[in-house]
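Per chain, numbering begins at 1; letters A, B, ... match sequence-line order.
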Amino acid sequence: MKKKRPTLQDVADQVGITKMTVSRYLKNPDLVSSPLQTRIREALDTLGYIPNRAPDILSNAKSHSIGVLFPSLTNQVFSEVLRGIESVFEPAGYQTMLAHYGYSQEAEEARIITLLSYNVDGLIISESTHTERVRKMLDVAGIPVIEIMDSVSPPIEQAIGIDNEAAAYAMTQLMIKKGRQKIVYFAARMDMRTLLKIRGYERAMEDHGLTPLCLKNNEASSFTLGGQFLHQALEQQPDTDGIFCTNDDLAIGALYACQKAGISIPQQIGIAGFHGHNISRAMVPLLATVITPREEIGRLAAEQLLSRLKGEPVSQRVIELPFQLEVGESL
Amino acid sequence: MGKKIVVLGVSGSGKSLIGKRLADALGYPFFDGDDYHNSSNIEKMSKGIPLSDQDRFGWLYTLNALLKNHECAVVACSGLKPEYRDMLKKDLDDVTMLYLKGDFDTIWQRHQKRNGHYFKGQDMLKSQFATLIEPTQSEAFSLDISQDADAVFQQALAYIKQ
């Protein structure tokens with residue numbers, strides 16, 4: 001059973017002041033004298049008072065919370081995006097409400113309904129394709145929406161991300177320049193960004209007169225899946241000399257599976273990942289990867305959302321941030 | 001002593017050369033602004049299409065993030081207009097800016113000696129000079145690039161170390 005929470009009146013009684021004074025303190029402690037601040041703080045601590053935002057939300061129609069939707073929480077990419085987002089919202093007094101949808105459009109729809117029902121002031125979404133109902137609801141909700149991670153798909157209002165296809169093209173081209181001819185692409189989840197990356201990889205291979213081979217799996221990416229893919233690749237194409245993975249996890253899994261099988265990297269097979277997580281900068285050999293500006297995407301999305309909450313118009317519908325190629329030691 | 005340094009100037013003024021030498025001398029990492037353009041900017045530049053302010057936004061935002069994320073750094077960036085320079089040092093109060101000052105003829109001569117750069121043609125350099133609003137004394141320390149590179153480097157290093 002839910003316990004009865006201490007009320008503002010309980011705090012006021014404890015200190016021997018009026019409810020109004022406690023309420024003033026909660027709005028801004030400096031509105032009451034400094035000795036009184038100490039006494040109120042002590043009473044709040046003793047009673048374990050929990051502020052109730054509901055009246056504030058009802059009277060202002062502002063919740064000071066921002067909905068943030070990620071496809072997955074096991075994917076490290078999004079913890080770094082979140083760090084960027086919170087570095088802006090925390091100091092601005094906004095709370096992020098986090099939800100994830102396992103790369104499913106239906107789950108995304110359900111999460112967006114929930115977040116909107118909590119009256120979030122704005123939304124940051126990690127997907128560029130949505131159900132018809134989501135599009136309609138976002139239109140009706142009338143709150144600023146920013147889609148992140150992809151700068152190519154047309155945005156609902158504003159998008160901040162990278163050109164995933166160009167990034168995959170650039171890395172494939174680098175691998176070809178390093179002498180790789182039989183490069184296999186490892187793809188998981190098959191979300192829109194992965195499809196764009198596959199297109200970049202295939203285009204680069206074909207532009208250089210090479211035959212693309214893409215291994216696909218709908219499961220979540222993991223180190224073990226990278227290992228499975230390696231064995232599958234060697235079965236289908238025994239003379240595989242390059243592996244380009246849709247993320248670092250698959251690449252690291254494939255690299256360890258090669259080491260276990262006595263295949264030397266990069267002499268026999270060159271391997272590249274995508275994103276440039278910290279571990280790729282510490283492992284042996286250092287992983288070649290596409291470094292994506294994850295924290296910057298989060299920070300910029302939050303800054304743009306804040307400026308729109310202040311009533312500024314959308315300054316730029318699409319903001320494309322650059323990626324960097326890291327050659328590492330695995331090519 | 002400056003720990004976050006930006007070397008400004010039009011393309012061909014020697015930003016990368018001076019910036020890299022400064023970074024090596026100080027033991028700071030060096031970032032060449034040209035490496036931080038997004039793919040659509042690179043495509044535009046390779047076709048000789050001048051960049052708009054919107055095109056430059058993500059680029060300048062990224063260079064500003066590099067300065068924020070590194071305790072010490074040297075960044076080379078054209079920074080042609082006061083707005084661009086403000087974006088480079090946004091939320092930072094410890095950025096030292098150096099401006100490599102030269103006239104069109106001096107820099108065009110250097111351009112003709114360079115290869116393998118996205119920068120194409122005299123028109124692009126003309127458009128840079130047309131866009132350029134030189135930094136004031138309070139914005140950046142000016143270095144005269146009609147001197148040889150060693151003299152420019154020594155002068156820059158002395159200024160940073162003061």
Answer with side chain, backbone, both or neither: which region of N69(B) has an atom nearer than 4.5 Å to a non-hydrogen atom of chain A?
-> side chain
Does the pair R135(A)/D139(A) count as a salt bridge with the N-to-O cut at 4.0 Å?
-> no
Just checking, is any N or O donor in the side chain of T62(B) or E296(A) under 3.5 Å from an acceptor N or O on the other one?
-> no
Please determine, by modelled atom types, if Y99(B) and E134(B) share a side-chain donor-acceptor pair under 3.5 angstrom.
-> yes
Of the backbone (N, CA, C, O) and the side chain (C-beta and beyond), which part of [X] lies under 4.5 Å from a heavy atom of chain B, both, or neither?
X       : result
Q324(A) : side chain
S315(A) : backbone
E165(A) : neither
L321(A) : both

Are T246(A) and R189(A) side-chain neighbours, meaning at least one heavy-atom pair lies under 4.5 Å?
-> no
Of L300(A), I160(A), D163(A), the largest count of non-hydrogen pairs under 4.5 angstrom with chain B goes to L300(A)
Between F153(B) and R21(B), is there a cation-pi geometry (under 6.0 Å to ring centre, at most 45° from the normal)?
-> yes
